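For reference, the structure discussed in these notes is given below.
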Amino acid sequence: MGKDVSLYEIFQRLFERFGPQHWWPGETPFEVLVGAVLVQNTAWSNVEKAIERLREAGLTNPKALYSVPETELEELIRPAGYYRIKARRLRNLLRFCIERYGGSLERMFRTPLKELREELLSINGIGPETADSILLYAGNLPTFVVDAYTHRIFARHGWVDFDIDYHTLKDYFESQLEPDTALYNEFHALLVKLGKDYCHKKQPRCEECPLREYLPEGGPYEPV
DNA sequence: CTCCGGCGAG
DNA sequence: CTCGCTGGAG
């Protein structure tokens with residue numbers, strides 16, 4: 001797996017083309033945490049509307065947001081889609097923050113990475129990608145976030161198999177990269193940028209892609 | 001495997 | 001109008 005590719009080289013190619021993506025820099029850790037749940041299979045532009053509504057309502061911390069009745073929360077986050085299930089998932093996460101850490105995200109993120117990751121994964125509605133997004137982008141902890149774009153980009157280039165699972169792909173990145181929060185942050189953001197603008201699900205723009213020099217002969221690999 | 005769902009791009 | 005979206009649960 002991975003062939004002879006250097007992940008640092010891939011990162012460099014993407015960074016040279018796209019520059020810094022400054023993901024989740026100005027927002028509070030709380031907004032990042034909320035956004036990580038709301039963004040599940042959803043365009044970020046829709047999540048921003050929901051976050052903006054919560055901000056306008058002054059719901060800027062776990063206890064405040066958890067005090068909102070579930071049906072009201074559903075209406076607040078409605079623009080993000082999946083609003084019923086996301087309201088429930090969000091409340092599951094908030095309840096955890098409150099009961100386990102007194103509603104203090106600062107306290108929560110002082111927990112050892114591996115330990116906190118397991119705790120987050122035990123919450124109904126928090127899967128591997130959401131957990132890692134919270135840990136990396138809200139907690140600044142060095143865990144690599146894998147997503148559908150990462151999978152698509154690396155499988156199409158033949159660097160990993162199409163049937164690779166989340167943890168194996170995550171371990172692949174973390175085994176070849178230093179545990180650097182800033183690097184993980186920027187790398188994932190750049191892969192999302194590439195996935196959105198070039199490595200489309202249908203009709204990828206390989207000719208103009210920053211990674212075109214790594215394209216296999218005869219075009220990108222496809223799932224069997 | 002299906003469902004959850006509003007929303008914007010094309 | 002259709003498609004896909006910084007997934008996860010049942």
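Treat the numbers as computed from the prediction; the structure is a model and nothing was measured. Sequence lines set the chain letters: A, B, ... in the order given, protein chains first and strands last, and positions in each chain run from 1.
Nearest nucleotide to the Val39(A) side chain, out of dA9(C), dG4(C), dT6(C): dT6(C). Each of dG4(C), dG6(B), dT6(C) was ranked by its minimum atom distance to the side chain of Glu129(A); first place goes to dT6(C). Closest to the Asp147(A) side chain, of the nucleotides dG6(B), dT6(C), dG8(B), is dT6(C). Distances were taken from every side-chain heavy atom of Lys49(A) (C-beta onward) to each of dG8(B), dG7(C), dG4(C); the shortest belongs to dG8(B). Among dC7(B), dC5(C), dT6(C), the nucleotide with an atom closest to any side-chain atom of Lys201(A) is dC5(C). Checking dG8(C), dT6(C), dC7(B) against every side-chain atom of Gln40(A), the shortest atom distance belongs to dG8(C).
Here Trp23(A) lies parallel enough and close enough to stack on the base of dT6(C), with planes under 30° and ring centres under 5.5 Å apart.
The same atom, P, is picked in dG8(C) and in dC7(B); the two are 23 Å apart, to the nearest Å. dT6(C) sits 22 Å from dT2(B) when the C1' atoms are compared, rounded to a whole Å.
Rounded to whole Å, the distance from CD on Glu74(A) to C1' on dC4(B) is 12 Å. Distance NE2 (His188(A)) to C1' (dG7(C)): 12 Å, rounded to an integer number of Å. Atom pair His151(A):NE2 and dC5(C):P shows a separation of 13 Å (rounding to whole Å applied). Going from atom CZ of Phe144(A) over to atom C1' of dT6(C) covers 12 Å, rounded to whole Å. Atoms CD (Gln203(A)) and P (dG4(C)) sit 10 Å apart, rounded to a whole Å. Here dC7(B) presents its C1' atom at 4 Å from CG of Asn46(A), a figure rounded to the nearest Å. Residue Asn124(A) contributes atom CG, which lies 16 Å from atom P of dC4(B) at whole-angstrom precision. Put simply, CD1 on Ile85(A) is 9 Å from C1' on dG10(C), counting in whole angstrom units.
In this model, no donor atom of one side chain and acceptor atom of the other lie less than 3.5 Å apart for Tyr198(A) and Glu207(A). Checking Asp171(A) against Thr168(A) by side-chain atom types alone, no donor-acceptor pair falls below 3.5 Å. Of the N and O atoms on the side chains of Glu27(A) and Tyr137(A), not one donor lies less than 3.5 Å from an acceptor on the other residue. Using modelled atom types and a 3.5 Å distance limit, the side chains of Thr130(A) and Gln40(A) yield a donor-acceptor pair.
Backbone-only engagement by Gly127(A) is indicated by non-hydrogen atom pairs under 4.0 Å involving sugar-phosphate atoms exclusively. Ala189(A) comes within 4.0 angstrom of nothing in the nucleic acid, heavy atoms only. In this structure, Lys86(A) reaches neither bases nor backbone, as no heavy-atom distance under 4.0 Å exists between it and the strands shown. Looking at heavy-atom distances under 4.0 Å, Arg89(A) makes contact with a base.
Aromatic ring centroids of Tyr221(A) and Phe154(A) lie 6.0 Å or more apart. A centroid separation of less than 6.0 Å is found between the aromatic rings of Phe96(A) and Tyr101(A).
For the pair Ile126(A) and Thr42(A), both in contact range of DNA chain C, the more 5′-proximal nearest nucleotide belongs to Thr42(A). Where Ala43(A) and Ile123(A) each meet DNA chain C at their nearest nucleotide, the meeting point lying more 5' is that of Ala43(A). Along DNA chain B, the nucleotide nearest Ser45(A) and the nucleotide nearest Tyr83(A) are compared for position; the residue whose nucleotide lies closer to the 5' end is Tyr83(A).
Using a 4.0 Å cut-off, some side-chain N or O of Arg152(A) falls inside it from OP1 or OP2 of dC5(C).
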